[in-house]
Amino acid sequence: MADKQSTKPPGGTRDFLPDDVRRREYVIDVVRRVYERYGFEPLETPAFENIDTLLGKYGEEGNKLIFKILKRGEHEGTGEADLALRYDLTVPLARVVAQYQSELPKFFKRYQIQPVWRADRPARGRFREFYQCDIDSIGSTSALVEAETLSAVSEILLTLGFSDFVIRLNHRGVLSSLLDLAGVPSSKHAGALVALDKLDKVGRDGVAKEFAQRGIEDAAAAKALAYFVDRESVDVLGHTNDGVANLMAIMELVKGTRAHGHVRIDSSLARGLSYYTGAIMEIAVEGIGSLGGGGRYDNLIGMFLGRDVPACGFSLGLERIIVVMTERNMFPARVAGGGVDVMVTIWNDESRADALALAAELRNGGLRVDVYPEADKLGKQFKYASSRNVPCVAIVGDDERAQGLVAIKDMQSGEQTAHRREEVAGAVARKLELRT
RNA sequence: GUGGGCGUAGCUCAGCGGUAGAGCGCCGGACUGUGGCUCCGGAAGUCGCGGGUUCGAACCCCGUCGCCCACCCCA
């Protein structure tokens, strides 16, 4: 035997066991279907990029969190890196848009569901490898794009069974206008936004304290707090402000979409990423953090292309959605339960072929069928089925065989019924139907 | 990166100087045509790793690695 090694996956990464994968695929399937119904097309990009593609796109803090890949060969010892793991899905998209501009439609809408990596310190609910589900619309500055984005995201949440969500909406232009108006120098805008972003975590006093730590004068800080925390932004700026006008336009368009009633303008929403230029949005669910966020970034693609191309996107945090849905029991029985609808028992060695034939018939009926792999005490076979959460067990014993019947036991109620061979699949299907 | 806590059976943890424990899970039996409940039995740990103190270390000391919590940042 080799020495005992740690069998845990690296910190911040996870193995997905069958029950986990079933949940993930259910959510991904809903996400994909909705996005496609909104006209978004699939895109996949490599797990790693040239490091220069990523550096400088996520702010100073972001640079540190990029997973770098050492140069191979003789450079390996120097710590030099030329490649890096994908940090999000937006920057790779920007690269793709710049690279294939002639092949892509004028208005390019894509969705992308892939893992991203961050060299972060793992913490509760935070991983170094996690999935993002992104949609982005390239090529238009119209507020209609934001409205459609908000609608698609809302439709996903509604389909998954969320009803208590609010999408907070704000605008980078509004934020900077207000900071200007409060007298915060533009060199301190970024810091002020970071502080502001923590409002719901540290409260008004906490933000005030951090304003002070970041060297923002008392008078300016007090004004800023009044504008943001006390939500007077629209009144202060008036409808002639570009940002405010844009938010109003989005809110008007949202009325006709699935997002109606779920979007709320919130002047304290800041969001960390530095590349946003216009509207910014974030999903808030009662009692939990963000389930995703997004916004408009009209300059990012220009960093690759040399001329600006407008863009707006949204990223759903798959992991958090799954955590919340699991906590709240929001998965359908077929997903939350086991991966098998019915298990066929083996009566004895002579009847094995017949058990396989029965399994084939049940499978033809659209059922997920497992066959116990060997003849064993019936009690053990039932115990196994029970431990795997299999809802129905099929038995063809000597008595059943003599009458041309199959016995089906409902593992939940304990009730057992006999059915003619050709009716078994239908009977099991009806039982499962009642369950959900 | 800074501060604090914890590493003992597959899992959750007790023991805190004198030969390694419990609960849950697992395996077997009571029950050779029926799981969940109950009872009985069993397997299972170089007590994270390395060094030191001691007659004796899971326990005390030093180092190291890993994990967790807070700060930071984010989905």
Side-chain angles (χ1 to χ4, degrees), chain A residues 1 3-13 58-66 87-90 113-134 153 190-191 193-195 197-198 201-202 206 209-210 213-214 270-274 281-285 288-295 313-324 343 345-348 351 372 375-402 405 407-418:
Chain A
M1 275 305 254
D3 286 349
K4 203 159 117 188
Q5 295 188 7
S6 170
T7 51
K8 279 185 195 151
T13 69
Y58 308 106
E60 205 175 312
E61 200 61 37
N63 276 352
K64 284 192 236 160
L65 297 181
I66 293 171
Y87 180 89
D88 71 357
L89 302 177
T90 308
I113 302 170
Q114 287 191 282
V116 302
W117 293 270
R118 298 197 182 167
D120 212 351
R121 205 155 241 212
R124 188 167 53 86
R126 232 168 83 212
F127 303 98
R128 293 198 291 184
E129 176 183 67
F130 60 97
Y131 277 69
Q132 289 192 326
C133 309
D134 277 27
V153 169
L193 292 179
V194 169
D197 201 34
K198 294 177 198 160
K201 210 190 275 179
V202 301
K209 209 170 144 192
E210 188 157 342
Q213 279 168 3
R214 290 178 181 273
R271 288 192 62 78
L273 285 177
S274 54
M281 41 217 177
E282 183 166 292
I283 305 170
V285 174
I288 318 131
S290 157
L291 292 186
F314 200 96
S315 179
L316 281 174
L318 180 64
E319 328 291 340
R320 284 193 181 168
I321 290 175
I322 290 167
V323 166
V324 174
M343 188 190 89
T345 54
I346 301 292
W347 185 252
N348 54 33
S351 67
Y372 198 83
D376 203 343
K377 285 186 185 172
L378 257 199
K380 282 204 187 177
Q381 301 193 44
F382 274 93
K383 194 167 179 169
Y384 178 75
S386 181
S387 73
R388 289 198 57 198
N389 275 319
V390 179
C392 291
V393 171
I395 310 112
V396 193
D398 292 339
D399 298 347
E400 285 81 8
R401 193 192 298 269
L405 297 174
I408 295 296
K409 175 155 175 168
D410 181 322
M411 294 299 279
Q412 199 171 17
S413 65
E415 169 191 294
Q416 189 165 316
T417 50

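Please read all numbers here as calculations on a predicted model, not as lab measurements. Letters A, B, ... are given to chains in the order of the sequence lines, protein chains preceding strands, and every chain is numbered from 1.
Y384(A) and D376(A) form no side-chain donor-acceptor contact under 3.5 Å, judged by distance and modelled atom types alone.
With both pairing distances under 3.5 Å, rG7(B) is matched to rC65(B) as a Watson-Crick or G-U wobble pair. Across all strands shown, rC27(B) is found opposite rG41(B) as a Watson-Crick or G-U wobble partner, with both distances under 3.5 Å. The partner of rG36(B) is absent, by the rule that a Watson-Crick or G-U pair needs both atom distances under 3.5 Å. Nucleotide rC60(B) forms a Watson-Crick or G-U wobble pair with rG52(B), both donor-acceptor distances falling under 3.5 Å. In this structure, rU2(B) and rA70(B) make a Watson-Crick or G-U wobble pair, each of the two defining distances being under 3.5 angstrom. For rA22(B), the paired base is rU12(B) (Watson-Crick or G-U wobble, both distances below 3.5 Å).
One interatomic measurement links the two molecules: CG of N389(A) to P of rG36(B), which rounds to 14 Å at whole-angstrom precision. For the pair Y58(A) OH and rC74(B) P, the computed distance is 14 Å after rounding to whole Å. Between the CG atom of D410(A) and the P atom of rG36(B) there is a distance of 16 Å, rounded to whole Å. For the pair I408(A) CD1 and rU34(B) C1', the interatomic distance rounds to 13 Å; values are reported in whole Å. The separation between N63(A) atom CG and rC74(B) atom P is 13 Å, rounded to whole Å. In this structure, the CD1 atom of I346(A) is 17 Å from the P atom of rU34(B), given to the nearest Å. Protein atom CG of L318(A) is 16 Å distant from nucleotide atom C1' of rC74(B), rounded to whole Å. Between the CD1 atom of I283(A) and the P atom of rC74(B) there is a distance of 18 Å, rounded to whole Å.
In this structure, S290(A) contributes its side chain and A284(A) its backbone to no donor-acceptor pair below 3.5 Å. Using modelled atom types, no side-chain atom of E129(A) and backbone atom of G12(A) make a donor-acceptor pair closer than 3.5 Å. R118(A) places a side-chain N or O within 3.5 Å of a backbone atom of Y87(A) that can act as its donor or acceptor partner.
Comparing the P positions of rG7(B) and rU12(B) gives a spacing of 12 Å, expressed to the nearest Å. Distance check on atom P: rA9(B) versus rC47(B) gives 9 Å, rounded to whole Å. Nucleotides rG29(B) and rU34(B) have their P atoms positioned 14 Å apart, rounded to a whole Å. Rounded to whole Å, the P atom of rU19(B) lies 12 Å from the corresponding atom of rA57(B). Comparing the same atom, P, in rA22(B) and in rG15(B) gives a spacing of 15 Å after rounding to whole Å. Taking atom P on both nucleotides, rU2(B) is separated from rU54(B) by 34 Å, rounded to a whole Å. Rounded to the nearest Å, the gap between the C1' atom of rG1(B) and that of rC72(B) is 9 Å. Distance noted for atom P between rA20(B) and rC62(B): 25 Å (whole Å).
G293(A) comes within 4.0 angstrom of no nucleic acid atom, judged by non-hydrogen atoms across all strands. Base engagement by E400(A) is indicated by at least one non-hydrogen atom pair under 4.0 Å involving a base atom. No engagement by Y131(A) is indicated, since no non-hydrogen atom pair under 4.0 Å with the nucleic acid exists. Looking at heavy-atom distances under 4.0 Å, R214(A) makes contact with sugar-phosphate atoms alone, never a base.
Among the nucleotides rG36(B), rU34(B), rA75(B), the one closest to the side chain of F382(A) is rU34(B). Each of rC73(B), rA75(B), rG35(B) was ranked by its minimum atom distance to the side chain of Q132(A); first place goes to rA75(B). Distances were taken from every side-chain heavy atom of D120(A) (C-beta onward) to each of rC73(B), rU34(B), rC74(B); the shortest belongs to rC73(B). The side chain of M411(A) lies closest to rG35(B), out of rA75(B), rC73(B), rG35(B). Residue S386(A) places its side chain closer to rG35(B) than to any other of rA75(B), rG35(B), rC73(B).
Residue Y384(A) and nucleotide rG35(B) are not classified as a stacked aromatic pair, given the requirement of ring centres less than 5.5 Å apart at an interplanar angle below 30°.
Across L89(A), L316(A), I321(A), V153(A), a single residue satisfies side-chain contact (heavy atoms from CB on, under 4.5 Å) together with C133(A), and that is L316(A).
Side-chain contact check for M411(A) versus S386(A): some heavy-atom pair is nearer than 4.5 Å. Between D120(A) and F127(A), every side-chain heavy-atom pair lies at or beyond the 4.5 Å cut-off.
Side-chain atoms of K409(A) and base atoms of rG35(B) include a donor and an acceptor less than 3.5 Å apart. A donor-acceptor contact under 3.5 Å is not formed by the side chain of Q412(A) with the base of rG36(B). The base of rU34(B) sits with one of its N or O atoms less than 3.5 Å from a complementary donor or acceptor on the side chain of Q416(A).
Of the two residues near RNA chain B, E210(A) and G292(A), the one whose nearest nucleotide lies more 5' is E210(A).
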TODO: Would you please test Q381(A) and V393(A) for side chain to side chain contact (heavy atoms under 4.5 Å, CB included) and show each step?
DONE: CA-CA 9 Å; Q381(A) 301 193 44; V393(A) 171; over 6 Å; no

TODO: Test side chain to side chain contact (heavy atoms under 4.5 Å, CB included) on F314(A) and D134(A) and set out the steps.
DONE: CA-CA 6 Å; F314(A) 200 96; D134(A) 277 27; over 6 Å; no

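Residue-environment remark: CD (Q416(A)) exceeds the threshold of 12 foreign heavy atoms within 6.0 Å.
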Set out, line by line, the N/O atom pairs under 3.5 Å between protein and nucleotides 26-28 of chain B.
unit_1	atom_1	unit_2	atom_2	d
rG28(B)	OP1	K380(A)	NZ	2.5

